[in-house]
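Ligands are counted one by one from 1 in listed order, and the atoms in each one are counted from 1 as well.
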Amino acid sequence: MNDAVCGKKSRELFEEAKTLLPGGVASPVRAIQPYPFYTESASGCRLKTVDGLEYIDCCLGYGPLLLGHAHPSVTRAVADQLTRGTLFGTPSELEIELARIVTSDYPSIDMLRFVSTGTEATLSALRLARGFTGKTEIVKVEGGFHGAHESVLIAAGSGALTHGTPDSAGVPAEFAAATRQVAYNDAEALEETLSKNDNIAAFIIEPVMGNVGPILPEKGYLEAVREITKAHDVLLIFDEVITGYRLGIGGAQVKFGVTPDITTLGKIVGGGLPVGVFGACREIMECVSPSGAVYNAGTFNANPLSMLAGLSALRFLHENTGLYADAEEAVCRIRESIHMDAESFVSCGSMFKYFFRDSAPKNYREAKESDTAAFRKFWEAALKSGVFLPPSQFETNFLSFAHDKEAVDKICEVYSCL
Ligand SMILES: *Cc1c(COP(=O)(O)O)cnc(C)c1O
């Protein structure tokens, strides 16, 4: 890559950033080598860089921007709220309005708590599961991502029969020991793990693996997961931080007709501003402080800006549900543009990915067999053509409702090189 692709000013900014920010960035995936481009502004499906370059965005902030950048209804609502105050430290009506919408859209949620990130949502959901059941251990899916906290930063490959090992320095082995892992799409492994251990509070899973792919659930898998967890008195947590409102208004749980005990949401629910949600039936949620003994608190919980951005985004979605099918159709066009065997092109609604291997992966291990050098070549070619794809073989590509025909044509052109 050279300055003609990413720009001289971006290169210079990254040089300075590396002296001020670890790795030059604020979150690891942004540390594109040899240097990332720096965005100055964004609108609809397009990013503009400090060097005046323009890219069609298929990364979309890694998921939240289903409506695209600077969507007029969201922008107007947030601008109005700025003049009325950004943080009250008291309840506001906005949180009730947003809670009303989310609880009616998600069958598993009667009550919820707003937090500021998806990481906080899963952290709180796991604490709640432990508090509610009085049990200690959790099971997660190998390679599943649930944010950056101790219980879930567990190295892949450690398996369910041994204790987990930390995937980050600074995570005490004692934390990791309380997390076990099973492969995605392997209901038998889950059954075996739960039947050998009666101290498991919860099984946490992305119903569609969004952070490796996407990787899709095989027919009957999510139903089996529901049955097995219920039979063993283990709470089922659907981490829908990506899939919530992405795979349809009701997320994966409505799409696949499987209802978890606890749901976490984030990303789209904040309309482009920071948010996280954990919710469940009344009996479970009443364990949360101050009505119950499971502690959660946050200065920015349910802050009026995030609430209003979320409200405007969700209202827009409710008024324009047809856009989900349009985005899915655009993804089908992208698939059809591939000349090569498209078997390893995986999609679900507006999420998609081409895996550089000979078939669609069914779990993390299979995804990891992809040819990442070939991916990198493709990624660079896409960028040269003006299309910004997430810079990893293991991050989902997204379309927004703001991707116009011209943008989709361009993306098809890029994929037609495969
Ligand atoms: C992004 C994500 C998270 C973490 O959300 P943050 O807002 O980045 O903390 C958790 N779970 C899933 C499935 C995610 O995709």
I'd like to know whether the aromatic ring centres of Tyr55 and Phe37 sit less than 6.0 Å apart in this structure.
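Tyr55 vs Phe37: aromatic centres under 6.0 Å.
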Using the benzene-type ring in the case of Trp, are the ring centres of Phe378 and Tyr415 under 6.0 Å apart?
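Ring-ring flag for Phe378/Tyr415: true, centres closer than 6.0 Å.
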Side-chain donor-acceptor distances from residues 254-272 under 3.5 Å, at least two apart:
residue, atom, partner, partner atom, Å
Asp261, OD1, Arg226, NH1, 3.3
Asp261, OD2, Arg226, NH1, 3.4
Asp261, OD2, Arg226, NH2, 2.9
Asp261, OD2, Leu236, N, 2.7
Thr263, OG1, Ser108, OG, 2.5
Thr263, OG1, Gln253, NE2, 3.0
Thr264, OG1, Asp239, OD1, 2.9

Enumerate the residue pairs fulfilling salt bridge (charged side-chain N to carboxylate O under 4.0 Å, His left out) with a member in residues 295-322, sequence neighbours excluded, ordered by first and then second residue.
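Listed once each, the pairs are Glu97-Arg315.
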Applying a heavy-atom distance cut-off of 4.0 Å, which protein residues contact ligand 1?
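Residue list for ligand 1: Thr117, Gly118, Thr119, Phe145, His146, Gly147, Glu206, Asn211, Asp239, Val241, Ile242, Lys267.
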Donor-acceptor pairs are to be reported for all side-chain atoms of residues 118-128 against protein atoms at under 3.5 Å, with residues two or more places apart or in another chain.
residue, atom, partner, partner atom, Å
Thr119, OG1, Ala148, N, 3.3
Glu120, OE2, Ser116, N, 3.4
Glu120, OE2, Thr117, N, 3.4
Glu120, OE2, Thr117, OG1, 3.4
Thr122, OG1, Thr119, O, 3.2
Thr122, OG1, His146, O, 2.6
Thr122, OG1, His149, NE2, 2.8
Ser124, OG, Glu120, O, 2.5
Ser124, OG, Asn296, ND2, 3.4
Arg127, NH1, Tyr295, O, 2.9

Go through the steps to decide whether Phe145 and Tyr364 satisfy the test ring-ring contact (aromatic ring centres under 6.0 Å, His included), and finish with yes or no.
CA-CA 11 Å; Phe145 181 75; Tyr364 179 73; over 10 Å; no
